[in-house]
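Residue numbers begin at 1 in each chain, while the letters A, B, ... track the order of the sequences. Quick caveat: nothing in here was measured; it's all calculated off a predicted structure.
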Amino acid sequence: MLNRVDDNIFEVPMGHQKGMRVPGRIFISDKLLTQVEPGTIDQVANVATLPGIVKYSMAMPDAHLGYGFPIGGVAAFREDGGVISPGGVGFDINCGVRMLRTDLFAKDAVPMISSLVDDLFHDVPSGVGAKGRLRVSEHELDEVFTRGAAWAVEAGYGVPEDLEHCEENGFMEGGKPDQVSLKARKRGRPQLGTLGSGNHFLEIQRVDRIFDDGLARRFGLSEGQITVMIHCGSRGAGHQICTDHLQVLSRAVRKYGIELPDKQLACAPLGTPEAESYFGAMAAAANYAWANRQIISAWTREVFERHFPGASLDLVYDIAHNVAKVEEHSVDGTMERLVVHRKGATRAFGPGRREIPQAYRDLGQPVIIPGSMGTPSYVLCGGEGAMRLTFGSACHGAGRIMSRTQAKKIYGGSEVKEALMRRGIKVMATHPKMLSEEAPEVYKPSDEVVEVVDQLNIARKVARVVPLGVSKG
DNA sequence: ATGTCC
């Protein structure tokens, strides 16, 4: 069914599915491959049938079933003849993660973890449908959609240096508020500055291992240091934008006569009004998510300031893992402009790319890969393998191995909480069922997933962090 | 992921 290309590289052959324009490629170890559902491989093949796809339909080692495209999927389309598809980005547009480093060390912070988590849980609203502490005006919401984290910094949430340590400097060009429906605005307006639910979290961590001394120094990380990770996205706004535009693009599929093996791959040819409209709305949602993470960072800093007056929380980096971008890549020796869809995949550009903020341009893009609740997270640095193999992309996390429904049957919320407590990890959640759905056991081991991208030099391991306290939706 | 089905 799959052909081995190399260690950690498998091919989905053209014969897997009728209409494939390119083969599929799955970057994964033999061991992790045994945990990938057949449906995920079929989705990789389905994506390969889309017009204008370049080289391969790809999946990362954390791949699992998604809407149309697999989560952990990467697909690039040429500007001339290609398409854009909301399924290739996902419902939570610019779901992403940022890491802040403190100047505190474990010995000082550990006695305060419980109180820190209580305050973070209180000060950063979370949960399904959670509303935030701030009420932005309609005009401010437009600014959020067009200028993302840059708006948030100007509004007093953070410092300009934060923007110099974000992918895209904290906002994407091309966000079009006029392509965002009234319904999406209505959902998004009260939710700015909220964490959300599911696998989203706000976590206090300790750096427990350094793999690359030089890179760790440049990222400002050392063993025993306390870090904070914020994982969230564009909330109801992004979800509604995806829903709205899926309808538009479903009509476009008929209008432009595109044949699809799965309705969930709804898309529009690049350059058409439908494609432009989705891109503008998607960029607006991406900017909302960057503003959201920026505001949450400011409130996190306030909580730390109350516990440790004068403590610093500097942004190491902020990455998107659900977004489509126009980028230039080398395709068989010539540079081409492509629309790269990453869904549950992070950009992992190697050294020198102009898109990487100045602070890290000579090193490569920092890649932050959160583990599941209670398991280690990793900081890596984009490498040459990513540029050669994956259009500059790496995996985004551990990846589920069972459904939420199944997880709830097996694991009880209070048991999960107690088990974590015994390991010295304090967890606060809005609902116990969230803890059963997010039990560490329902995810692939993050270590094994990270090992694959490290071995292929897609991204090199820099540091590993372990959780001390978590606030969840 | 998500006012987990207007």
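- The separation between His239(A) atom NE2 and dT4(B) atom P is 9 Å, rounded to whole Å.
- Non-hydrogen atoms lying under 4.0 Å from DNA chain B are contributed by nothing in residues 290-300 of chain A.
- If you check every strand for non-hydrogen atoms under 4.0 Å, Lys183(A) touches a base.
- By the 6.0 Å contact criterion, CD on Gln247(A) is open, its count of non-hydrogen atoms from other residues, nucleotides or ligands being 12 or less.
- Counting to the nearest Å, the P atom of dT4(B) and the CZ atom of Phe91(A) are 13 Å from each other.
- Note: CD (Gln406(A)) to C1' (dT4(B)) measures 18 Å, nearest angstrom.
- One finds a side-chain N or O of Arg235(A) lying less than 4.0 angstrom from the OP1 or OP2 phosphate oxygen of dT2(B).
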Which atom pairs, donor and acceptor, lie under 3.5 Å between side-chain atoms of residues 148-155 of chain A and protein residues at least two apart or in another chain?
unit_1	atom_1	unit_2	atom_2	d
Glu154(A)	OE1	Arg147(A)	NH1	3.4
Glu154(A)	OE1	Arg147(A)	NH2	3.3
Glu154(A)	OE2	Arg147(A)	NH2	2.5

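- As a whole-Å value, the separation of Met434(A) CE from dT4(B) P is 13 Å.
- Using a 4.0 Å heavy-atom distance criterion, Lys433(A) is classed as a base contact.
- For residues 59-71 of chain A, the set of pairs meeting the side chain to side chain donor-acceptor pair (under 3.5 Å) definition, not counting sequence neighbours, comprises Asp62(A)-His396(A).
- Residue Gly233(A) is out of contact with every strand shown, counting any heavy-atom pair closer than 4.0 Å.
- Glu438(A) has its CD atom 17 Å from the P atom of dT4(B), to the nearest Å.
- Sequence neighbours left out, not one pair with a member in residues 171-182 of chain A passes salt bridge (Lys or Arg N to Asp or Glu O under 4.0 Å).
- Following rounding to the nearest Å, Leu246(A) (CG) and dT2(B) (C1') show an atom-to-atom distance of 13 Å.
- Atoms NE2 (His431(A)) and P (dT2(B)) sit 16 Å apart, rounded to a whole Å.
- Summary of the strand contacts: His231(A) and Glu437(A) both lie near DNA chain B, and taking for each the nucleotide with the nearest heavy atom, the more 5' one is attributed to His231(A).
- For the salt bridge (Lys or Arg N to Asp or Glu O under 4.0 Å) condition, the pairs that include at least one residue of residues 390-402 of chain A, sequence neighbours left out, are Arg400(A)-Glu438(A).
- Lys417(A) contributes atom NZ, which lies 14.0 Å from atom CE of Met434(A) (distance to the nearest 0.5 angstrom).
- Across the protein-nucleic acid pair, Tyr288(A) atom OH and dT2(B) atom P stand 10 Å apart, rounded to whole Å.
- Within the nucleic acid shown, Ser197(A) comes within 4.0 Å of sugar-phosphate atoms alone, with no base atom in reach, counting heavy atoms only.
- Residue pairs that meet the salt bridge (Lys or Arg N to Asp or Glu O under 4.0 Å) test with at least one member in residues 277-296 of chain A, sequence neighbours left out, are Arg293(A)-Asp318(A).
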